[in-house]
> 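Sharing a structure below in structure tokens format, with a few things to ask.
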Amino acid sequence: MSTATTKLERPHEPTLFEQGSPGRRGFRLPPLDVPTIDLARAIGPEHLRNEPPDLPELAESEVVRHFSRLAELNHHVDRAIYPLGSCTMKYNPAVNEEAASLPGFTDLHPEADARHAQGSIALLYHLGRHLAEISGMDAVSLQPPAGASGELAGMLVVRAYHADRGRQRRKVIVPDSAHGTNPASVRLAGYEAVEIVSNAQGRVDVDELRRVVDGDTAAIMITNPNTLGVFETRIREIVDIVHEAGGLVYLDGANLNASLGIVRPGDAGCDLMHMNLHKTFSTPHGGGGPGSGPLGVKEHLADYLPFPVAARDESKAVGFEYYFDYERPRSIGRVHTAYGNFLVAVKAYAYILTLGPEGLRRVAENAILNANYLQALLEPFYDLPYAGRCQHEFVLAATRQKAGTGVRALDIAKRLLDHGLHAPTIYFPLIVKEALMIEPTETESRASLDRFAAVMKEIAREAIEEPAVVTGAPTATPVGRLDESRAAKELDVVWENG
Ligand SMILES: *Cc1c(COP(=O)(O)O)cnc(C)c1O
């Protein structure tokens with residue numbers, strides 16, 4: 001066989017419809033041992049089909065194998081590094097899943113009487129206390145089911161706070177490096193998002209901030225470390241400027257991986273913030289599956305938190321120690337059913353208790369160390385628009401490659417897939433052209449970082465010597481480049497192989 005003519009076979013998994021054939025069965029019902037009834041009479045003929053549904057027919061083993069093969073095609077963090085910046089795709093200890101699977105948690109009804117749910121309410125209460133301790137906030141609501149939801153709840157708290165003081169403020173300031181959910185939450189809460197540009201170091205331009213802040217400023221929404229992986233060293237000044245104008249400081253704490261045990265936003269003077277349990281506190285995410293974006297606030301905003309809040313009465317005046325506090329007349333109301341995604345809270349609680357204060361601090365130290373190590377390995381081969389030490393992530397730019405041979409960040413991301421690695425976040429933050437935003441996380445070993453760097457170096461070489469290989473990637477995946485905008489607009493995309 002001549003290697004010149006060898007073409008990589010794309011893995012191909014036929015659909016269940018293609019694999020099935022009439023008569024195959026996964027399960028047989030036992031013979032009926034109760035009287036039959038006439039279905040048309042029972043539910044009405046209009047609810048009956050004329051034709052049986054066109055479902056694939058397969059044996060159970062065929063279905064299981066189909067999904068196992070699909071799962072192998074899928075990239076996940078249990079398989080290899082997943083360096084998606086701003087997302088913290090770190091390894092999630094399996095013991096947390098075990099804790100969240102305990103029947104006492106999974107079988108509990110959300111409307112169970114507090115008397116019968118003491119352990120679960122205690123867990124929510126103490127998780128809230130731990131998160132308050134970690135973030136430097138005073139009170140926490142675990143109800144928001146995602147970071148974006150925590151942001152919106154936070155902006156509604158800002159509104160309620162100003163409304164109580166008879167103020168009609170209209171503006172919320174958002175730096176241009178912010179996550180897209182920030183301006184979206186600001187708008188949803190009825191505010192105008194005012195963008196301020198970052199300076200050459202990738203930080204908030206404090207002089208520009210002074211010019212923009214005025215009596216119409218309800219809040220600033222700031223991220224620290226910001227999405228460039230840069231720490232806002234002038235955070236105290238930023239807080240003072242906004243406070244002097246009567247505004248509040250909202251901190252986007254979606255990603256606390258670089259802060260745990262080292263800095264607390266509350267100590268820097270921030271008034272409220274959200275945290276992402278599905279990023280920092282080890283709940284698997286990425287498939288859209290349940291998350292949690294607790295909202296933490298300082299004492300002066302505690303009354304506005306969504307209700308109910310898990311509370312404790314050590315005197316047991318109501319007959320038991322832990323209860324849900326619904327008596328919150330100034331609350332912004334509910335932002336989710338029940339108490340949020342409870343099992344995500346269980347995992348975060350198990351994670352925090354397993355690591356303890358020392359362990360959490362080591363998470364942050366190793367996240368920062370790993371990111372700086374990887375940045376140093378990659379710096380010779382890609383541009384680094386914001387040079388210097390990074391926090392938990394850093395942003396490279398494929399500008400050199402684009403100017404040289406036309407290879408873009410998207411091509412590099414696609415080429416990584418041929419090596420069985422996940423791509424970094426690309427084209428974000430928006431202020432970096434051809435951005436490759438990399439967050440290795442603390443759970444990658446040095447060998448894993450070295451391997452990723454070696455592949456990135458090889459792709460940088462290919463970009464110069466054989467750019468068609470990079471622009472033609474991926475070839476080792478079931479499909480090549482997809483029309484992503486069509487996939488989003490026409491959900492019913494026809495399968496076309498190749
Ligand atoms: C992920 C993220 C968010 C949004 O969190 P979701 O849970 O995806 O809604 C907000 N800000 C930053 C900086 C993030 O990384």
Side-chain angles (χ1 to χ4, degrees), residues 77 82-90 92 131 135 141-156 172-189 193 195 198 202-204 219-232 235 249-260 265 270 272-296 335-336 340-341 343-345 347-348 364 367 371 390-395 424-432 435 437-441:
V77 76
Y82 202 139
L84 203 57
S86 198
C87 289
T88 315
M89 305 302 284
K90 64 188 186 183
N92 306 290
L131 293 175
S135 62
S141 164
L142 298 166
Q143 218 179 56
S149 167
E151 288 173 26
L152 175 59
M155 283 299 111
L156 295 174
V172 174
I173 296 165
V174 184
D176 59 1
S177 61
H179 196 268
T181 50
N182 289 189
S185 303
V186 167
R187 288 290 301 160
L188 271 180
E195 187 177 278
S198 306
R203 298 193 169 92
V204 167
I220 185 171
M221 211 172 191
I222 192 170
T223 310
N224 196 22
N226 65 31
T227 65
L228 294 163
V230 175
F231 192 80
E232 296 285 357
I235 181 74
V249 177
Y250 184 98
L251 186 109
D252 179 338
N255 200 318
L256 283 184
N257 244 33
S259 310
L260 294 173
C270 300
L272 71 171
M273 64 183 287
H274 76 275
M275 294 154 257
N276 275 23
L277 300 188
H278 51 286
K279 287 181 181 168
T280 313
F281 298 98
S282 132
T283 272
H285 63 115
S292 177
L295 176 66
V335 297
H336 195 263
N341 283 324
L343 295 177
V344 178
K347 289 178 215 183
C390 63
Q391 297 287 308
H392 58 294
E393 63 193 2
F394 56 96
V395 182
T425 298
I426 52 173
Y427 300 108
F428 177 75
L430 302 176
I431 53 174
V432 176
M437 182 197 214
I438 298 173
E439 180 183 4
T441 82

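Counting starts at 1 for both ligands and their atoms, in listed order. Count residues from 1 along the sequence.
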> Is H285 near ligand 1, meaning one of its heavy atoms is under 4.0 Å from it?
no
> So, is T223 polar-close to ligand 1, with some N/O to N/O distance under 3.5 Å?
no
> Decide whether an N or O pair under 3.5 Å exists between G147 and ligand 1.
yes
> Between H336 and P145, what is the shortest heavy-atom contact and its length?
CD2-CG, 3.4 Å
> Under 4.0 Å from ligand 1, counting heavy atoms only, is it the side chain of A254, its backbone, both or neither?
side chain
> Could you report the tightest heavy-atom contact between A367 and N257, atom names first, then the distance?
CB-O, 3.9 Å
> To the nearest 0.5 Å, tell me how far M275 CE sits from L131 CG.
5.0 Å
> Would you please test D252 and E151 for side-chain contact (heavy atoms from CB on, under 4.5 Å) and show each step?
CA-CA 8 Å; D252 179 338; E151 288 173 26; 3.7 Å; yes
> For ligand 1, which atoms sit closer than 4.0 Å to a heavy atom of E151?
10 (C), 11 (N)
> Students should be able to answer this: which protein heavy-atom is nearest to atom 9 (O) of ligand 1, and at what distance?
A148 N, 2.8 Å
> When you compare ligand 1 with D252, is there at least one nitrogen or oxygen pair between them that comes in under 3.5 angstrom?
yes
> Check each atom of ligand 1 against the heavy atoms of A146 and keep those under 4.0 Å away; list them by number with element.
7 (O), 9 (O)
> Under the 3.5 angstrom rule, does the side chain of T425 hit a backbone N or O of G85 as a donor-acceptor pair?
yes
> Polar-atom distance check: S86 versus ligand 1, any N or O pair below 3.5 Å?
yes
> Between M437 and V432, is there a side-chain heavy-atom distance shorter than 4.5 Å?
no
> Identify the protein heavy atom lying closest to atom 2 (C) of ligand 1, giving its residue, its atom name and the separation to 0.1 Å.
K279 NZ, 2.4 Å
> Which atom names give the shortest non-hydrogen contact between E232 and N224, and what distance separates them?
N-OD1, 2.6 Å
> Assess N255 for proximity to ligand 1: is some non-hydrogen atom of it under 4.0 Å away?
no
> First locate atom NE2 of H274, then atom CG of L251, and finally report the distance between them rounded to the nearest 0.5 Å.
8.5 Å
> Can you tell me which residue and heavy atom of the protein come closest to atom 5 (O) of ligand 1, and the distance to 0.1 Å?
N276 ND2, 3.1 Å
